[in-house]
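Each remark here refers to the structure printed beneath this line.
Naming convention: chains lettered A, B, ... in sequence-line order (proteins, then strands); numbering from 1 in each chain.
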Amino acid sequence: MRELFTEHLIYWLILFLFMLGPYGMIFKKNLVKKLMSMNIMQVAVILFFLALGQKTGGTIPINLPGLIGAEHYINPLPHTLMLTAIVVSLATLGVSLGLLLTVQKRYGTLEEDELLRRMNQ
Amino acid sequence: MTIVALVLLFSGFFFIVVAALGVIRFPDFYTRLHAAGKGDTLGIALFVLGLAVYNGFNFVSLKLLLIVLFVFLANPIGGHVLSRAAFRSGLKPWTKKGE
Amino acid sequence: MKEQLPALIVIVPLLIALLSPLVAYFSTRLLRGLGLTAAAVSFVSAVGALGHALTKGPWHYYFGNWAPPWGIEYVIDPLSGLMAVLVSFLSLVVLIYTDSFLREEGWLKQGIHYALYLLLTAGLLGMTVTGDVFNLYVFLEISSLSAYGLIASGGYKATVSAFRYVLVGTVGASFYLLGVGYLYAITGSLNMADLTVRLQPLLDSQAVLIAMVLILVGMGIKMALFPLHGWLPDAYTYSPPAAIPFIAGVMTKVMAYVLLRYFFFIFGVLNGFVPLVLEVVGWIAALGIILASVMAIAQSDFRRMLAFSSVAQVGYIGLGLSLGNMFGFIGAVFHIINHAIMKCCLFLVAGGVKWKTGEHLIEKYAEMSRRMPLTMGAFLLGAFSMVGIPPTAGFFSKWYLILGAIEKDLWIYVVVIILSSLLNAIYFFRVIEQAYLKKAPVAEREKFVEDKKPELPATMLVPIVVLGACILVVGILNEPLVSNILLMAFPGGGL
Amino acid sequence: MPGAFFLGFLVFLMAVTGLSALFARDLLASIIMFSAFSYFAVLTYLTMGAPDVAFTEAVVGVVSTTFFIVALRRMKRGSSK
Amino acid sequence: MITDKLLLTFLIALIVIIFLMLFRVLKGPTVFDRLNGLGVIGTDTIVVLILLGFLEKRVNMYVDIAISYGILGFISLVVIAKYFEGKGDVKP
Amino acid sequence: MKFVRAGALLVVVVMTVVLFIGAGALPAIYNPQSPASTHVSDRYIEKSVEETGSLNFVTAVLADYRGYDTLGETTVIFTAGLAAVVLLRSAQKADSRGKKVPLAKAGKGMSERFGTIVLNTAARFVIPFVTLYGVYVLVGGGEGNPGGGFQSGAVLAIAIIISRLVYGEGAAFNISGDLALILAGIGTFIYAFVGVLTLLWGGNFLEYGIAPFLMSAAEKHSLGISGIEIGVTLCVMATIIAIFDALARKEEVS
């Protein structure tokens, strides 16, 4: 039981952070906050992948002269994948902020209830 | 060299702690900004300088010096810009009661 | 160059898309030619690759010549080849159609529209032919982002629905990525073939179950499987007519293809927790078919009706997936093809009517058959196919689905399919009634009787007619299609 | 393992800042907390031995904060809870 | 004389300070207080990054990130100050 | 409505619990024997220096082994730029109802000049410094430091954003939105063009080793990597500026 706690605690924290995303998107009525919770979720996915690559006795995956062998370096593959994921999150953020500005311009509000009311007028 | 580094490190750390205390304890924004802007800048600069001395003379130390330079440039300007924005948007400075 | 065909399928539209703002700055006509060329090249190479896959077996293409699992590979087997042909064909057809809507726009708008459209094509094609689960995510994001852009360019209401789509779509993509993370954690590989091998001893692990659920939810959101379809109706209704036929026709189908690929090829339908998950999918899909069809009846906007019908039709694919046997597989893939073609055709018709009359409401379709006979003919074929009337394609996919359900003794699914066909008939008959039987009000009638112009410009009419013909052709040629391609595509190589 | 505890503490801080970003009434404050969230994310990535990712996140953090504030300039600052 | 242990002590102390600053960021009361706290967190993080680099024996990698942090604090302050130009509201 | 919210909360809680339980089945964190650290990654760590000539394994994987992913990533950025620009330019035109659009509260916009002497003077020092640093990140990226095309592009973009913020829309050190979009396309095209070159030389897409130069394989690979890094830098820089420009553009009075 104690092992489970030390070995998986970080996963749990990360998954909690991940579920903050859907929670915020459902229960926060402000669109900017929905956007933020989306971003938090993406960060949690990144953390999850990085946690997978951890290794005791591993250092940063940049070659040190004289230190040869796979067991001395952290797995570089998740880092690569997550670089892509970060870039994707920035891209999504840009697009959705553009969308929000347009919504604000037309409807003058970013609160979901108010927005729905104004849309159906 | 080590002694110099140690002195720099500890004095830098002292200023950082003092700045942090100030930010926590001072009564209003302007005084807190005062603590952060002055204390923190000096503290960081001394601390990083100490690390640079400890590291010896190489490319990394040059970069550390660059950081010191940049902190010295950016932090006060940040403070200036921030206090200007605060004052212009109508935040009143704190005064002792009754004055 | 022949051995580089798989790369060309995706690369050519991508390259042209990257240059299109630049090209549009100098000449929009040149851009139009380049875009059509790119789509055509992509289509031709997809056909070539499919031919190779059918005659000589699956084609593996290594990017950077790094062998998998270290590098990224493209796999063209009959299934992915068929999907690539479908996507690139529809992309080409809709691109011809797009032209009339864009002629009057400025260079920037045209350049961006072409770029986004070609990027969407490239993204969807990349998703179909890739053999790497993370590469699939990257192309998923390319296609989603370009779809957000295309949908949002349709006015203010479209912006709101596009924002909702961004949120929901990102949740879907993140769920998918987390699922990939679980798979990566227990196998250490990202290559699909390698995953299949390394997952075999692990299929009873809880982590695989979670990964399965995460991927199912993620892709389910993207393909608008029933309880997760909230973003779809608004997005389809408000987006601009130049882009929506392709998005509606192809995007959700490619996501469905990804699910098929995962469940039939990577997890294997008979192992571990898979049958349990599939059973749940089946019930949800059956419920979704009925509810979405009922919702479609209640709509007064033609596009909104089509959107709800899309949700119902995606349910059929889910049903085929959940059956998990050969007939279910064939039915699902066949329905992907059919539905892509007919939904594309129907949205083209909706766009054509909008172009001519500026209307989307069903009640304004009165006597449309005399004003636009060819367009309405194509609509009639599409509607018959949706309902499932024999010579058209839609009948046969339902037929295979029913066969699959009978084979598994799930008679309730048979009932669901037949019932939903009836519901389909009801909501399409409303439109048919308006278009063929109702008389238009006199004032409007005089207007269009005087009108001597052709019903639509040729660039719009040809795609509509071609797709209408395709519905018939696919229906009539279903036997060779199934026995030559779909049976080869079934994992294990058919009977 | 001290590294694990340090890591757990940082992720906990991220959770705190993330939650408070979601629950602030003032959107500008929310963005500032989001910025702090991104700071801790950088520290966490570094502790996990991923300098490349941390670097990217640091830069992306700046850019996304900038985007947020520039966009907020045209929005209303208040927010429902 | 300067051992890893000393650096580790500094590191932990700095983390505690950052944690305290977080209180300021979370509590407010005005936006400017939060910003101020954020600025202090930013500058302290620079030191934390460099210390982490010394502890990992890979200083040259961490210094780059530290420099970009310096820029980070600066630009976000400038952007927020610009936000307040001509707006004139402290509270929403 | 209450029921829907409660149901949604229930779904979120159940999902969290399921994920927590599922995490128990994952290999423990820090385990050097976990499949993720033993199966594919070994080759990247052991061979990448000789095969790709890059000391940074992450760069090696990013730009060479999985270079095609990175092409996709760059395209994603470019797509985002396109989508953001098309949105903010065209939404008001496409709305058929033609209502008057309510404007945001008047005041000086983000695109105005920001006039304090201290800031203006400081920006004169800071901007070249940041630009130089961006170039350094690009150049130093391959030589065993973190950094590379993406980071460099973002830092360069930050330099331009500072200039835009301080000196306003008429800043000398500036790129306009439309031009930025074209530049972003060209940047990504440079990346893809490296791949097309390798196709034309008879290799697979992005197979740098095929280049007909008199070099060792590792040198060819690092040449190819630097080629694509330049493309990534250009694309990222231009796209961030394009999005910023679209967001901060002066509100058009209609």
Relative to chain F, which segment of [X] carries a heavy atom at a distance below 4.5 Å: side chain, backbone, both, or neither?
X     : answer
A:F18 : side chain
A:I26 : side chain
A:I74 : backbone
A:L93 : neither

Measure [X] against the heavy atoms of chain A and call it side chain, backbone, both or neither at under 4.5 Å.
X      : result
F:R66  : side chain
F:L82  : neither
F:I243 : side chain
F:V12  : both

Practice item. Under 4.5 Å, counting heavy-atom pairs only, tell me which of A:L77, A:V87, A:L15, A:V95 racks up the most with chain F. Key: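 The residue among A:L77, A:V87, A:L15, A:V95 with the greatest pair count is A:V87.
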Point to revise | Side-chain heavy atoms of A:P61 within contact of F:I45, under 4.5 Å | key: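 No, too far: nothing below the 4.5 Å cut-off.
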Check your understanding: Is there a side chain to side chain contact (heavy atoms under 4.5 Å, CB included) between A:Y23 and F:L9 once you walk through the steps?
Key -> CA-CA 8 Å; A:Y23 169 79; F:L9 189 63; 4.1 Å; yes
Exercise for review: Measure the acute angle between the ring planes of F:F20 and A:W12, then classify it against the limits of 30° and 60° as parallel, tilted or perpendicular.
Suggested key: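 Geometry flag for A:W12 against F:F20: parallel rings.
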